[in-house]
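Working notes, structure below.
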Protein chains: 2
Amino acid sequence: MSSSPEKLNVHERVRRQHASELAQDYVEAIYIALEEGRNLRVADLQEIFGVSHVTVIRTLRRIEEQGLLANAKSGELALSPEGRKLAKLSADRHDLLVRFFRALGVSEAQADADAEGAEHHLSEETLGAIRRFLEKS
Amino acid sequence: MSSSPEKLNVHERVRRQHASELAQDYVEAIYIALEEGRNLRVADLQEIFGVSHVTVIRTLRRIEEQGLLANAKSGELALSPEGRKLAKLSADRHDLLVRFFRALGVSEAQADADAEGAEHHLSEETLGAIRRFLEKS
DNA sequence: AACCCTTTGTAGCACAGGCTACATGTCGAA
DNA sequence: TTCGACATGTAGCCTGTGCTACAAAGGGTT
């Protein structure tokens with residue numbers, strides 16, 4: 001996880017990004033649900049991600065080991081401070097990209113789908129450029 | 001590969017994209033080298049992707065099984081027509097994204113790196129919007 | 001109490017994509 | 001021609017992320 005920059009080549013960087021995508025997507029989903037006052041369970045995540053409940057359980061265990069979950073009342077999911085921070089970052093990036101694609105004329109649904117795929121692969125530099133672009137337009 | 005649209009949910013679509021990324025990256029690398037008159041070998045790909053030569057060999061075998069490689073003289077890599085088509089598509093998308101990020105004010109190196117990560121995750125709709133944006137500016 | 005449904009959990013498998021260690025092949029120089 | 005270097009290939013392992021099949025736990029209905 002999150003260790004040093006180390007000068008990776010381009011492809012190594014992309015691999016690194018992939019490795020943390022799932023965790024981000026999970027905490028993001030949990031975060032959004034909590035924001036909306038809903039309480040996610042395994043079955044919900046199964047639905048959201050289109051995988052079996054078994055896969056959800058195991059992935060949750062992994063992100064718990066990464067310290068992103070807080071142990072809430074049994075059956076309920078809660079985020080640790082780091083989890084919440086990561087989720088907020090992800091959600092903000094996602095929103096930014098959706099607004100950006102919308103500004104370029106992309107439909108709502110497609111903007112959302114593409115943001116989901118692309119949000120893990122843009123540097124702070126590029127995100128900054130996108131923010132500036134949105135401010136100007 | 002490339003089978004039916006089937007109405008995947010957002011995350012299923014992203015997973016699908018990941019599954020074809022490596023193949024695209026490999027044929028793209030081979031394609032570009034051939035364009036420039038160089039002849040890639042395993043050792044070059046190992047360098048480019050930052051993995052061991054064993055990983056390169058196995059990945060090549062897989063993309064060969066997918067019909068993307070043509071059997072060239074031993075020790076040399078060549079693309080099948082489908083491989084070439086896929087490579088060209090990838091390379092074009094990559095270039096488009098680099099130009100786009102550059103137009104937004106992103107540095108050359110970062111534009112290239114981010115394009116590498118993002119190029120597999122944008123829909124035709126969004127790519128079209130980007131093309132239109134670049135024409136206007 | 002017995003039953004069913006839903007939810008969650010466990011066992012165990014497959015495949016992709018990493019790796020190291022070892023084996024072979026080829027080629028230029030001594 | 002033998003040796004050493006480099007390229008390529010094989011064997012076998014690990015982890016992540018998917019799956020199905022089965023097990024257990026809980027709640028509602030009859």
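Numbered from 1 within each chain, the chains take letters A, B, ... in sequence-line order.
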Pick out which of B:Leu22, B:Ile32, B:Leu77, B:Leu79 makes a side chain to side chain contact (heavy atoms under 4.5 Å, CB included) with B:Val27.
B:Leu79
Whole Å only: how far is the [atom1] atom of [X] from the [atom2] atom of [N]?
X       : N      : atom1 : atom2 : result
A:Ile57 : D:dT17 : CD1   : C1'   : 14 Å
A:Asn9  : C:dG18 : CG    : P     : 11 Å
A:Tyr26 : D:dG18 : OH    : C1'   : 10 Å
B:His18 : D:dT17 : NE2   : P     : 11 Å
A:Arg16 : D:dG16 : CZ    : C1'   : 15 Å
A:Asp25 : D:dG16 : CG    : P     : 17 Å
A:Arg15 : D:dG16 : CZ    : C1'   : 14 Å
A:Leu40 : C:dT8  : CG    : C1'   : 15 Å

According to the interplanar angle, ranging from 0 to 90°, do the rings of A:His121 and A:His18 count as parallel (below 30°), tilted (30 to 60°) or perpendicular (above 60°)?
perpendicular
Anything under 3.5 Å between a protein N or O and an N or O of nucleotides 22-29 of chain C, put it in a table, one pair a line.
none

Just N and O in the side chain of [X]: are any of them under 4.0 Å from OP1 or OP2 of [N]?
X       : N      : value
A:Thr59 : D:dT17 : no
A:Thr55 : D:dT17 : no
A:Arg58 : D:dG16 : no
A:Arg61 : C:dT10 : yes

Using the side-chain heavy atoms of [X], tell me which of these nucleotides is nearest: [options].
X       : options               : result
A:Val54 : C:dG18, C:dT8, C:dA11 : C:dA11
A:Ser52 : C:dG18, D:dC19, C:dG9 : D:dC19
A:Val51 : C:dG18, D:dT8, D:dC19 : D:dC19

Between B:Ile130 and B:Leu122, what is the shortest heavy-atom contact and its length?
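Nearest heavy atoms, B:Ile130 then B:Leu122: CD1-CD1, 4.2 Å.
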Please work out if B:Arg62 contacts a base, only the sugar-phosphate, or nothing of the nucleic acid, heavy-atom cut-off 4.0 Å.
base
Taking it one step at a time, do A:Ser107 and B:Glu125 satisfy side chain to side chain donor-acceptor pair (under 3.5 Å)?
CA-CA 8 Å; A:Ser107 69; B:Glu125 182 183 346; 3.2 Å; yes
In terms of hydrophobic clustering (I, L, V, M, F, W, Y; side-chain heavy atoms under 4.5 Å; direct or indirect links), are B:Val10 and A:Val106 co-clustered?
no
B:His94 and B:Glu119: side chain to side chain donor-acceptor pair (under 3.5 Å), yes or no, with the steps?
CA-CA 6 Å; B:His94 187 91; B:Glu119 65 182 275; 2.6 Å; yes
Taking B:Asp112 first and then B:Arg102, would you say they form a salt bridge - that is, a charged N and a carboxylate O separated by under 4.0 Å?
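Here B:Asp112 does not pair with B:Arg102 in a salt bridge, since their nearest N and O are not under 4.0 Å apart.
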